[in-house]
Amino acid sequence: MTSLEVLTVGRVGVDLYPEQSGVPLAQVSTFAKSLGGTATNVAVAAARLGRKAGVLTKVGPDGFGTYVREALEGFGVSSAHVGTSPDLLTPVVFCELNPPADPPLLFYRLPIAPDLTLGEDDVPWDVVRDVPLLWVTGTGVSAEPARASQRMMLASRARKSHTVLDLDYRPMFWPDVKTARAEISWMLDHVTVAVGNRAEVEVAVGTSDPDEAASRLLDRGLSLALVKKGAEGVLVATQEGRWTVEPNLVEVVCGLGAGDAFGGSVVHGLLSGWDPVKIARYANAAGAIVASRLACADAMPDQKEIEELL
C-alpha cells in the first residue's frame, strides 16, 4: 500500500514570470522563478490543502532539476517519483503578462521534455494501482514513450475511483487537433472524472457547447464532468443531474495556475467525499485566489483562504 493519497502524472518545469506586467517579453527586465507544470501544480495545490501528494515526472541533470525536487519537498509534495533524463534539460517556461488574464507562454521543451520520456521502468506500478486518486493529463499522451506509459497506467488502474483526466490541451505540444482528439478520447474510456475548459472539451469530444460536451463525456462512462466556462462559472455534470456554479469575481493579476488550483481542490473534494457542487464551489474559489496573484505553485491557497473567500 502507498502512503500517498494522490499521484499526479505529467508536466513539470520552471516558470519565469516577468516582474513587469503589461509589456512584451522584449521589454521585461527582471523575472521571478517559480515551480510550474500542470501535474506538478495540481499536486502542490492538493498538498496545500493537507493532502499527501506526489508527482510522477522527470527532469534533467541540471540545477533546475535540483530546484524542482527541492521546491516540491518544500511544498510538502513527495519527489520520490521524480526521475532524471540524463541527456535532456529541465524545461523552462517564460510567461508574458500581456494580457495578464491570459498570458502567452514560451515553452523551452525541445527536442522533447524529460516528462514526455516517462517509460515503463519509471512507473511505480503499486502506487498507480493503489493510490486513492490518480491524476493524468492530456499533454501526457502527446508524445512517446510517455503516451504508452500513461496508457499502461490507466489499463493497470482498471477505472478505479478516483481516476481523473485533466484534459489540459496545449496546441504547441501536438501536430494537429485530430491527433490530440484521438489520443485524449482513448483515455476517456479509462477514467472516472474529466476536467477541462471549453476549448479542451472541444478537442476531446468535438463540441465546445458545455452541456453537449458534458453529455458526450458522461456517455463515455464517467461519473463526473466539470466544464469550466470562464466568467460564466463551472458546469457540474453527473449521471444524476447538472448544476452551474457561479464564478468568484476577482481582479486578475495572472490567469496562469488558476486551473491547477481548481484541480487541487477537485482532488481534495473527491478524497473528502463531498458532493460535486460543493467540490466545484471550493475549486472555483481556489482558482479565483490564484488568478489574483502572480505565480502558480507559490500562489496556491490553503483551506483558510478558500473558506474566507467562500
Residues sharing Val250's hydrophobic cluster, by side-chain heavy-atom contacts under 4.5 Å among ILVMFWY, directly or via others? none
Scanning both residues in full, the closest heavy-atom pair of His162 with Arg157 reads O-NH2, 2.9 Å
Would a 4.5 Å heavy-atom cut-off, applied to side chains only, mark Val131 and Leu134 as touching? yes
One should read off an interatomic distance between Phe262 CZ and Asn41 CG, to the nearest 0.5 angstrom, of 15.5 Å
Hey, could you give me the OG1/CZ distance between Thr137 and Phe173, rounded to the nearest 0.5 Å? 9.5 Å
Starting from Leu88 and following side-chain heavy-atom contacts under 4.5 Å between hydrophobic residues (I, L, V, M, F, W, Y), which residues can be reached? Ile112, Leu116
On a heavy-atom basis, the closest approach of Asn248 and Arg281 is OD1-O, 4.5 Å
Partner residues of Glu240 under the salt bridge (charged side-chain N to carboxylate O under 4.0 Å, His left out) criterion, sequence neighbours left out: none
Please report the closest heavy-atom contact between Ser292 and Val253, naming both atoms and the distance. O-CG2, 3.1 Å
Just by distance, no angles: are the side chains of Ser34 and Asp15 close enough, under 3.5 Å, to form a donor-acceptor pair? no
Kindly indicate, with the supporting measurements, whether the criterion side chain to side chain donor-acceptor pair (under 3.5 Å) is fulfilled by Asp176 and Thr179. CA-CA 6 Å; Asp176 51 60; Thr179 306; 2.7 Å; yes
Closer than 4.0 angstrom, basic N to acidic O: yes or no for Arg109 and Asp115? yes
If the condition is salt bridge (charged side-chain N to carboxylate O under 4.0 Å, His left out), which residues does Arg147 pass it with, not counting sequence neighbours? Glu183
Compute whether any side-chain donor of one residue and acceptor of the other, for Arg129 and Thr2, lie under 3.5 angstrom apart. no
Of the options Ile279, Val245, Asp275, Thr244, which is the one that meets Val236 in a side-chain contact (heavy atoms from CB on, under 4.5 Å)? Val245
What verdict does the side chain to side chain donor-acceptor pair (under 3.5 Å) test give for Thr117 and Ser85, after you've listed the backbone C-alpha separation in whole Å, the side-chain angles of each residue and the deciding distance to 0.1 Å? CA-CA 7 Å; Thr117 69; Ser85 290; 2.8 Å; yes
Applying salt bridge (charged side-chain N to carboxylate O under 4.0 Å, His left out), name anything that partners Asp130, two or more places apart in sequence or on another chain. none
Within the distance-only criterion (no hydrogens, no angle test), does the side chain of Thr90 pair as donor or acceptor with the backbone N or O of Val59 below 3.5 angstrom? no
Within a strict 4.5 Å, meaning less than it, do heavy atoms of the Tyr169 and Trp174 side chains meet? yes
Which salt bridge (Lys or Arg N to Asp or Glu O under 4.0 Å) pairs, counting each pair once, include a residue from residues 161-173, with sequence neighbours left out? Arg11-Asp168
Hey, mind stepping through Leu72 and Val82 against side chain to side chain contact (heavy atoms under 4.5 Å, CB included) and telling me if it holds? CA-CA 10 Å; Leu72 282 171; Val82 179; 3.8 Å; yes
Mark yes or no for whether Thr192, through its side chain, and Thr163, through its backbone, hold a donor-acceptor pair below 3.5 Å. yes
Is the CD atom of Glu251 crowded by more than 12 outside heavy atoms at less than 6.0 Å? no
Looking at every non-hydrogen atom in both residues, tell me the closest pair between Val128 and Met153 and how far apart they are. CG1-O, 3.7 Å
His268 and Tyr282 aromatic ring geometry - parallel, tilted or perpendicular at 30°/60° bounds: tilted
Report yes if some heavy atom in the side chain of Glu96 is under 4.5 Å from a heavy atom in the side chain of Pro103; otherwise report no. no
Is the shortest distance from a Lys or Arg side-chain nitrogen in Glu5 or Arg51 to a carboxylate oxygen in the other one below 4.0 Å? yes
Does the pair Glu308/Lys304 count as a salt bridge with the N-to-O cut at 4.0 Å? yes
List the steps, then state whether side chain to side chain contact (heavy atoms under 4.5 Å, CB included) holds for Ile184 with Glu200. CA-CA 10 Å; Ile184 294 170; Glu200 290 166 337; over 6 Å; no
Would Val203 and Leu167 satisfy side chain to side chain contact (heavy atoms under 4.5 Å, CB included), going step by step from the backbone distance to the final call? CA-CA 9 Å; Val203 170; Leu167 296 173; over 6 Å; no
Do Leu165 and Val201 belong to the same hydrophobic cluster, where Ile, Leu, Val, Met, Phe, Trp and Tyr are linked whenever their side-chain heavy atoms lie under 4.5 Å apart, directly or via other members? yes
Close side-chain approach of Val77 and Val55, heavy atoms under 4.5 Å: yes
Determine, step by step, whether Leu226 and Leu235 satisfy the side chain to side chain contact (heavy atoms under 4.5 Å, CB included) criterion, reporting the C-alpha distance in whole Å, the side-chain angles of both residues, the deciding distance to 0.1 Å, and the verdict. CA-CA 6 Å; Leu226 296 166; Leu235 175 65; over 6 Å; no
Closest approach of Arg216 and Arg220, non-hydrogen atoms and distance? O-CG, 3.2 Å
Is it true that Arg293 and Glu305 make a salt bridge, defined as a side-chain N closer than 4.0 Å to a carboxylate O? yes
With a 3.5 Å distance limit and no angle check, can you tell me whether Glu232 reaches the backbone of Glu246 through a side-chain donor-acceptor pair? no
Check whether NZ of the Lys or CZ of the Arg Lys33 lies under 6.0 Å from the centre of the six-membered ring of Tyr67 and within 45 degrees of that ring's axis. yes
Go through it in stages, so that I can follow the logic: the residues are Phe94 and Phe31, the test is ring pair (Phe, Tyr, Trp, His ring centres under 6.0 Å), and I'd like the CA-CA distance, side-chain angles, deciding distance and then a yes or no. CA-CA 9 Å; Phe94 286 91; Phe31 293 88; 5.2 Å; yes
So, Asp211 and Arg242, do they make that salt bridge, N to O below 4.0 Å? yes
Nearest heavy atoms of Ser265 and Ala283, plus distance in Å: CB-CA, 3.5 Å
Could you check whether any side-chain heavy atom of Met152 comes within less than 4.5 Å of a side-chain heavy atom of Val123, counting everything from C-beta outward? no
Within the distance-only criterion (no hydrogens, no angle test), does the side chain of Ser142 pair as donor or acceptor with the backbone N or O of Thr139 below 3.5 angstrom? yes
Donor-acceptor pair, Thr207 side chain versus Asp209 backbone, under 3.5 Å? yes
Does Glu19 form a side chain to side chain donor-acceptor pair (under 3.5 Å) with Thr30? I'd like the steps, not just the answer. CA-CA 6 Å; Glu19 293 184 313; Thr30 54; 2.9 Å; yes
Linking I/L/V/M/F/W/Y whenever their side-chain heavy atoms sit closer than 4.5 Å, directly or via other members, would Leu270 and Ile306 fall into one cluster? yes
Pairwise side-chain contact, Ser21 with Asn98, heavy-atom cut-off 4.5 Å (strictly under): no
Identify whether Trp125 and Trp135 are in the same connected component of the hydrophobic contact network (ILVMFWY, side-chain heavy atoms under 4.5 Å). no
Charged N-O contact under 4.0 Å between Glu73 and Arg69: no
Does any non-hydrogen side-chain atom of Gln239 lie less than 4.5 Å from one of Leu218? yes
Arg198 versus Lys229: any side-chain heavy-atom pair under 4.5 Å? yes
Connected via hydrophobic side-chain network under 4.5 Å: Val6 and Leu4: no
ILVMFWY cluster, Trp243 and Leu310 together (side-chain gap under 4.5 Å): yes
Within 6.0 angstrom of Lys160 NZ, more than 12 heavy atoms from elsewhere: yes
